[in-house]
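The structure appears below as structure tokens.
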2 protein chains.
Amino acid sequence: MTPAFEHLQQQLKQLPGVGYRSAERIALSLLVEKPERLPALVKALEGAARSVRRCSRCGNLAEAELCPLCADERRDRSLVCVVEQVPDLVALERSGAYRGVYHVLHGKLSPIHGVAPEDLNFSTLFTRFAAGEVKELILALSNDVEGEATCHYLTSQLPADQAVAISRIGFGLPSGGGVLYADSVTLKSALDGRRTYS
Amino acid sequence: MTPAFEHLQQQLKQLPGVGYRSAERIALSLLVEKPERLPALVKALEGAARSVRRCSRCGNLAEAELCPLCADERRDRSLVCVVEQVPDLVALERSGAYRGVYHVLHGKLSPIHGVAPEDLNFSTLFTRFAAGEVKELILALSNDVEGEATCHYLTSQLPADQAVAISRIGFGLPSGGGVLYADSVTLKSALDGRRTYS
């Protein structure tokens with residue numbers, strides 16, 4: 001195909017979940033089949049790039065000073081769920097199982113990948129703590145060594161004089177998953193995380 | 001999420017093969033994880049929209065008067081393969097089995113969908129015929145009623161005084177496909193299209 005077409009295809013291929021063939025299909029769609037959609041897509045991309053920024057309180061996506069969740073009076077601000085990334089927050093919101101607010105770290109501690117505490121969004125979390133608004137903290141971080149290290153660092157930095165309940169989300173079998181199909185590490189987590197059955 | 005984010009997600013969801021979840025994942029990637037890719041993508045989209053147009057000879061994508069295939073001296077210009085859409089051409093090129101040139105109709109005749117001969121790119125094909133450069137025509141149109149109607153119309157419009165060999169691509173079992181898994185219409189095509197085995 002033509003150079004501009006191939007350049008577009010290369011750019012599309014770098015999007016998550018888009019392979020060589022999908023990129024070709026999308027490029028053909030935008031240039032041949034539905035060319036009227038291309039300007040709308042460009043406008044949406046530019047609009048989002050221009051107006052979306054980080055919530056100054058929790059680090060989530062925002063178009064104002066605060067994100068829609070932090071600005072929502074109905075959310076319980078004393079309950080804070082700490083997540084690594086915005087997509088984690090989106091997944092938790094999708095579950096509909098949570099009515100508190102969030103704090104997005106934008107990563108997890110990883111000496112191997114050179115991620116130190118100062119690279120993550122810890123400072124605004126400590127500010128929220130200092131303001132005394134946090135009563136309960138749920139650590140929704142990965143079930144891996146780096147998630148563990150991040151939890152450990154975070155709790156070690158919290159002021160000892162505050163009565164804050166801290167928990168970490170449960171690990172174990174996913175919904176619909178049987179013991180037979182779970183890997184050993186998941187099974188170990190599930191055994192460690194067993195609960196009294198009554 | 002925020003309005004600009006949701007608008008972008010809506011736009012992305014209209015791309016072929018991109019569902020609600022993929023659109024969300026792509027939007028998050030472009031706004032949070034890899035924001036440096038967004039301007040490059042916008043530039044590629046605008047660049048392609050600006051420079052890609054139709055080849056004046058065959059209807060394929062082009063950045064000059066002629067597409068790379070029509071401009072390529074090594075392609076056999078006496079052999080023309082007629083396809084419905086640019087993606088069909090791309091699929092045939094990918095097979096590496098063809099060394100002639102193409103003609104893209106940009107659709108197929110369909111009274112039900114209101115597609116009449118004047119809506120398709122027939123005129124430049126007849127111009128190519130009139131110029132006497134076409135010696136063989138391969139009709140690579142769909143194996144359906146509309147493909148059949150398009151083939152019939154096309155051949156009925158060709159000047160009778162020219163010695164042009166006309167064929168239609170074969171129908172039958174796809175590569176790797178067994179009789180057991182083929183639907184009845186494919187099997188009928190395959191039986192009708194049987195060839196002497198020697």
Side-chain angles (χ1 to χ4, degrees), chain A residues 1-12 14-19 21-22 24-35 37-55 59-64 67-69 85-87 89-91 93-94 104 106, chain B residues 1-12 14-19 21-22 24-35 37-55 59-64 67-69 85-87 89-91 93-94 104 106:
Chain A
M1 304 308 293
T2 72
F5 180 89
E6 278 166 12
H7 178 64
L8 174 58
Q9 188 178 348
Q10 282 300 322
Q11 287 295 327
L12 290 169
Q14 291 176 31
L15 299 175
V18 177
R21 286 284 185 94
S22 322
E24 185 178 87
R25 202 170 143 220
I26 292 171
L28 284 171
S29 159
L30 286 171
L31 292 172
V32 183
E33 293 159 34
K34 314 262 165 100
R37 286 196 181 146
L38 195 145
L41 175 60
V42 167
K43 218 174 141 208
L45 283 163
E46 289 178 328
R50 196 169 46 237
S51 49
V52 175
R53 50 179 168 154
R54 279 191 191 185
C55 172
N60 183 19
L61 298 181
E63 288 187 35
C67 74
L69 297 175
Q85 301 285 2
V86 175
L89 180 157
V90 172
E93 280 300 290
R94 202 184 291 126
V104 185
H106 293 288
Chain B
M1 304 307 295
T2 72
F5 180 90
E6 277 166 14
H7 179 64
L8 174 58
Q9 189 179 347
Q10 282 301 323
Q11 287 295 328
L12 290 168
Q14 291 177 30
L15 299 175
V18 177
R21 286 286 184 91
S22 322
E24 184 179 87
R25 202 170 143 219
I26 292 172
L28 284 171
S29 157
L30 286 171
L31 291 172
V32 183
E33 293 159 34
K34 315 259 165 101
R37 285 196 183 146
L38 194 145
L41 175 59
V42 167
K43 218 174 141 207
L45 283 163
E46 290 178 328
R50 196 169 46 238
S51 49
V52 175
R53 51 179 168 155
R54 280 192 189 183
C55 171
N60 184 18
L61 298 181
E63 289 186 34
C67 72
L69 298 174
Q85 301 287 1
V86 176
L89 179 157
V90 173
E93 279 300 289
R94 201 184 290 127
V104 185
H106 294 285

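Predicted, not measured: the structure shown is a model, and the values here were computed from it. Here is how names work: the chains are called A, B, and so on, in the same order as the sequence lines, proteins then strands, and each is numbered from 1.
Considering only heavy-atom pairs separated by less than 4.5 Å from chain A, the leading option among B:A64, B:P3, B:P35 is B:P3. Of all the listed residues (B:A48, B:P68, B:S29), the one sharing the greatest number of non-hydrogen pairs under 4.5 Å with chain A is B:A48. In terms of heavy-atom pairs under 4.5 Å with chain B, the best-connected choice from A:G47, A:S22, A:A40 is A:A40. Each of B:L15, B:L31, B:N60, B:L45 has some count of heavy-atom pairs under 4.5 Å with chain A, and the biggest count is that of B:L45.
At a cut-off of 3.5 Å, with distance as the only test, no side-chain donor of B:R37 or A:Q11 sits close to an acceptor on the other residue.
The CD1 atom of A:I26 lies 12.5 Å from the CD atom of B:Q14; values are rounded to the nearest 0.5 Å. Atom CG of B:L41 is separated from atom CD of A:E46 by 10.5 Å, given to the nearest 0.5 angstrom.
Heavy atoms closer than 4.5 Å to chain B are found in the side chain of A:L38, but not in its backbone. Contacts of B:R94 with chain A are made by side-chain atoms alone, with heavy-atom separations under 4.5 Å and no backbone atom involved. For B:E33, the part sitting under 4.5 Å from any heavy atom of chain A is the side chain, from C-beta outward, and nothing else. The contact between B:S51 and chain A is made entirely by side chain atoms (from C-beta outward), counting heavy-atom distances below 4.5 Å. Using a 4.5 Å cut-off between heavy atoms, B:L28 touches chain A through its side chain atoms alone. At a 4.5 Å heavy-atom cutoff, A:P39 makes no contact with chain B through either its backbone or its side chain. Looking at B:L30, the atoms closer than 4.5 Å to chain A (heavy atoms on both sides) all sit in the side chain, from C-beta outward. Using a 4.5 Å cut-off between heavy atoms, B:A27 makes no contact with chain A at all. Within the 4.5 angstrom heavy-atom criterion, only side-chain atoms of A:E24, from C-beta onward, approach chain B. Contacts of B:P87 with chain A are made by both backbone and side-chain atoms, with heavy-atom separations under 4.5 Å.
When side chains are defined from C-beta on, A:V52 does not count as touching B:L8, because their heavy atoms never get closer than 4.5 Å. Under the 4.5 Å side-chain criterion, counting only non-hydrogen atoms from C-beta, A:R54 is not in contact with B:V32. The shortest side-chain heavy-atom distance between A:T2 and B:C67 does not fall under the 4.5 Å cut-off.
The two atoms that bring A:H7 and B:A44 nearest to each other are CD2-CB, 3.5 Å, heavy atoms only.
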